[in-house]
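To start, the structure itself, in structure tokens.
Because the structure is a prediction, the values reported are computed rather than measured. Start at 1 with the first residue, then count along the sequence.
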Amino acid sequence: MEKRKATMSSWSPEQNQSSGGLGPHLSRPLFLLLLIVAPSAQGVIPNPEACQVFQSENGSSVNCYPPAKLPRYFPADTTYLSVEFFNLTQLPPDALQGISNLQELHLSSNGLEKLSAKFLLPVPQLKVLDLTQNALTRLPPGLFQGAATLHTLVLKENQLEVLEALSLRGLKALGHLDLSGNHLRTLPPRLLANLTDLRILDLGNNQLETLPPDLLRGPLKLEWLHLEGNRLRALEEDLLEPQPNLNYLFLNGNQLATVAASAFRGLKQLHMLDLSNNSLTSVPKGLWTSLGKPGAAQDMKNGFDISGNPWICDQNLEDLYQWLVNNKDKMFFRNNTCCVEPKAMKGRTLLAAAMSHLKPKAGVEMGREGLAEYCTPLGN
């Protein structure tokens, strides 16, 4: 049998005007036949009020953008559905009825204020759910009870203020969770307890002041952790310990004034660390012991950033000085990482302070290596 080629068509609500309209369980052959005879079929100028439908051997992909009118039903073999930029404030509980093979659902840039707890029950094979830029203030209990295959959940830039301990229950296969850009002030204990496959966690740009000590004791394979743009004041010793495989850690843009000496001790494969734009004046001895070792897995190969902190460059930084000299080639913004105190050191780069503290001829070496002794204002 000749393999069927993929085709592109458009599909509009007007195509539902047969007796009873397009049912939720419309068969694929009948749906394709309707596409052929419909006014918006291939070979005719696309109807701007129609959703675009792409057919392939794996099922239909449906893309709906304004000024298209949303149809009452979608083709029964839909595996990919995008309904974006419609300013929808709500969806009926049975909006996904009849498309049980759906694997990706994109609903970003609408105005969704709430979802029914039964919203995802008709689509047990869903793998990707994108709800970016909506107006959700809470997640209904049980929303993910039938979402055992969901791999990617994006709730970025909503208005979530509170999450309950059971909010994410049912997400057994979740690998990527994005909760960034919400209004979260606290997180409940055991929020991630059952997310053992989680690899990417984005909690950036919220209003978090503290984190529950057990936050990362559920995930076992975390590789990326985004905590930037919050209000964290301290990094406790046990938070990162359960994540030996963590590769990328973003803590920039917080209010960190203290970091526990053992905070990074359990990290075996950290490739990048961003501690920039915090309130760090000093760091405890031993903080860097497990990081940046040449030839080791945890050699910080993608670099680190500690700029934008009010460093007090005195003898209390001796441990950091030695680490900086050994890892200076991996340092971002090294000419913008500045000493603020004491007065005699103000305006010098932290790296220059480190080299002069450790090596009497640091000025000559800095010149050879193109390292600045005094800070360059950002933007210059």
Side-chain angles (χ1 to χ4, degrees), residues 102-108 115 117-121 123-132 134 136 138-158 160-208 210-230 232 235-236 238-251 263 266-271:
L102 190 68
Q103 296 184 23
E104 288 198 33
L105 176 59
H106 298 264
L107 294 168
S108 68
L115 295 173
K118 299 180 179 180
F119 178 60
L120 298 176
L121 289 181
V123 287
Q125 299 184 52
L126 194 68
K127 292 181 172 61
V128 177
L129 175 60
D130 183 1
L131 288 159
T132 301
N134 279 284
L136 298 172
R138 63 185 297 270
L139 300 176
L143 176 62
F144 303 112
Q145 60 185 324
T149 62
L150 196 68
H151 177 271
T152 300
L153 174 59
V154 182
L155 288 157
K156 181 179 180 179
E157 295 176 15
N158 276 269
L160 297 172
E161 295 184 358
V162 176
L163 290 177
E164 300 174 7
L166 301 181
S167 292
L168 304 176
R169 173 167 287 188
L171 295 171
K172 300 177 181 179
L174 198 67
H176 182 179
L177 175 60
D178 190 343
L179 287 161
S180 63
N182 281 278
H183 305 301
L184 298 170
R185 296 178 180 274
T186 61
L187 297 174
R190 298 188 57 78
L191 175 67
L192 309 177
N194 297 314
L195 306 186
T196 55
D197 283 336
L198 197 65
R199 286 174 166 79
I200 301 173
L201 175 60
D202 195 339
L203 291 165
N205 299 303
N206 278 281
Q207 300 172 24
L208 297 168
T210 60
L211 297 171
D214 68 351
L215 178 66
L216 303 180
R217 294 195 178 278
L220 303 174
K221 306 172 184 177
L222 204 63
E223 298 173 4
W224 292 71
L225 177 58
H226 289 265
L227 291 167
E228 70 271 17
N230 281 284
L232 300 174
L235 184 61
E236 305 295 343
D238 297 330
L239 180 69
L240 302 172
E241 183 180 2
Q243 300 304 325
N245 298 318
L246 192 67
N247 296 157
Y248 297 89
L249 176 59
F250 300 91
L251 287 158
L267 305 181
K268 306 296 184 184
Q269 301 184 47
L270 195 66
H271 299 327

(message) Between Gln243 and Asn245, is there a side-chain heavy-atom distance shorter than 4.5 Å?
(response) no
(message) Using the rule side chain to side chain contact (heavy atoms under 4.5 Å, CB included), only one of Ile200, Leu203, Leu153, Leu171 pairs with Leu177; which is it?
(response) Leu153
(message) Quick check: do Leu187 and Leu211 have side-chain heavy atoms less than 4.5 Å from each other?
(response) yes
(message) As a quick check of understanding, evaluate side-chain contact (heavy atoms from CB on, under 4.5 Å) for Leu225 and Leu246, giving each step before the final call.
(response) CA-CA 8 Å; Leu225 177 58; Leu246 192 67; 3.9 Å; yes
(message) Listing request: all side-chain hydrogen bond (donor to acceptor under 3.5 Å, both in side chains) pairs with a residue in residues 123-132, at least two apart in sequence or in separate chains.
(response) Asn101-Gln125, Asp130-Thr132
(request) Start with the C-alpha gap between Leu239 and Leu215, add the side-chain angles, then the distance that decides, and say whether side-chain contact (heavy atoms from CB on, under 4.5 Å) holds. (result) CA-CA 7 Å; Leu239 180 69; Leu215 178 66; 4.3 Å; yes
(message) Quick check for you: to the nearest 0.5 Å, what is the distance between Arg169 atom CZ and Leu143 atom CG?
(response) 14.0 Å
(message) Between Leu129 and Phe144, does the side-chain contact (heavy atoms from CB on, under 4.5 Å) criterion hold? Intermediate values first, please.
(response) CA-CA 11 Å; Leu129 175 60; Phe144 303 112; 4.3 Å; yes
(message) Restricting to non-hydrogen atoms, name the atom on Ala148 and the atom on Ala173 that form the minimum distance, rounded to 0.1 Å.
(response) O-CB, 3.3 Å
(request) Would you mind reporting whether Phe250 and Asp202 have side-chain heavy atoms less than 4.5 Å apart? (result) no
(message) With rounding to the nearest 0.5 angstrom, report the CG to CG distance, Leu155 to Leu139.
(response) 5.5 Å
(message) For the backbone of Leu179 and the side chain of Asn206, can you confirm whether one donor and one acceptor N or O come within less than 3.5 Å of each other?
(response) yes
(request) For Thr149 and Pro124, indicate whether the former's side chain and the latter's backbone hold a donor-acceptor pair under 3.5 Å. (result) yes
(request) For Asn158 and Leu160, indicate whether the former's side chain and the latter's backbone hold a donor-acceptor pair under 3.5 Å. (result) no
(message) Looking only at side-chain N and O atoms, does His271 offer a donor or acceptor that is under 3.5 Å from a partner on Gln269?
(response) no
(message) Is it the case that the side chain of Asn134 and the backbone of Leu107 share a donor-acceptor pair, with hydrogens and angles ignored and the cut-off at 3.5 Å?
(response) yes
(request) With sequence neighbours excluded, tell me which residues meet salt bridge (Lys or Arg N to Asp or Glu O under 4.0 Å) with Asp214. (result) none
(message) Has Arg185 got a side-chain atom pairing as donor or acceptor with His183's backbone, closer than 3.5 angstrom?
(response) no
(request) Report yes if some heavy atom in the side chain of Leu131 is under 4.5 Å from a heavy atom in the side chain of Leu115; otherwise report no. (result) yes
(message) Please report the interatomic distance CG(Leu222) to OH(Tyr248), rounded to the nearest 0.5 Å.
(response) 13.5 Å
(request) Evaluate the side-chain proximity of Leu184 to Glu161: yes if any heavy-atom separation is below 4.5 Å, no if none is. (result) no
(message) To the nearest 0.5 Å, what is the distance between CG on Leu227 and CG on Leu201?
(response) 7.0 Å
(request) Indicate the atoms forming the closest heavy-atom contact of Leu192 with Pro219, along with that distance. (result) O-CD, 3.7 Å
(request) Answer whether the closest heavy-atom distance between the side chains of Glu241 and Asp238 falls below 4.5 Å. (result) yes
(request) For side-chain contact (heavy atoms from CB on, under 4.5 Å), just list the numbers for Leu249 and Leu270, CA-CA rounded to whole Å, side-chain angles, deciding distance to a tenth of an Å, and then say yes or no. (result) CA-CA 8 Å; Leu249 176 59; Leu270 195 66; 4.0 Å; yes
(message) Quick check for you: to the nearest 0.5 Å, what is the distance between His151 atom NE2 and Leu126 atom CG?
(response) 12.5 Å
(request) Using a 4.5 Å cut-off on heavy atoms from C-beta on, say whether the side chain of Leu191 contacts that of Leu163. (result) yes
(request) Ignoring hydrogens and angles, tell me if any N or O in the side chain of Asn205 forms a donor-acceptor pair with the backbone of Gly181 under 3.5 Å. (result) no
(message) Do Leu150 and Val128 have side chains that approach each other closer than 4.5 Å (heavy atoms only, starting at C-beta)?
(response) no
(message) Are there over 12 heavy-atom neighbours, none belonging to Arg190, within less than 6.0 Å of that residue's CZ?
(response) no
(message) For the NE2 atom of His176 and the CG atom of Asp197, what is their distance to the nearest 0.5 Å?
(response) 14.5 Å
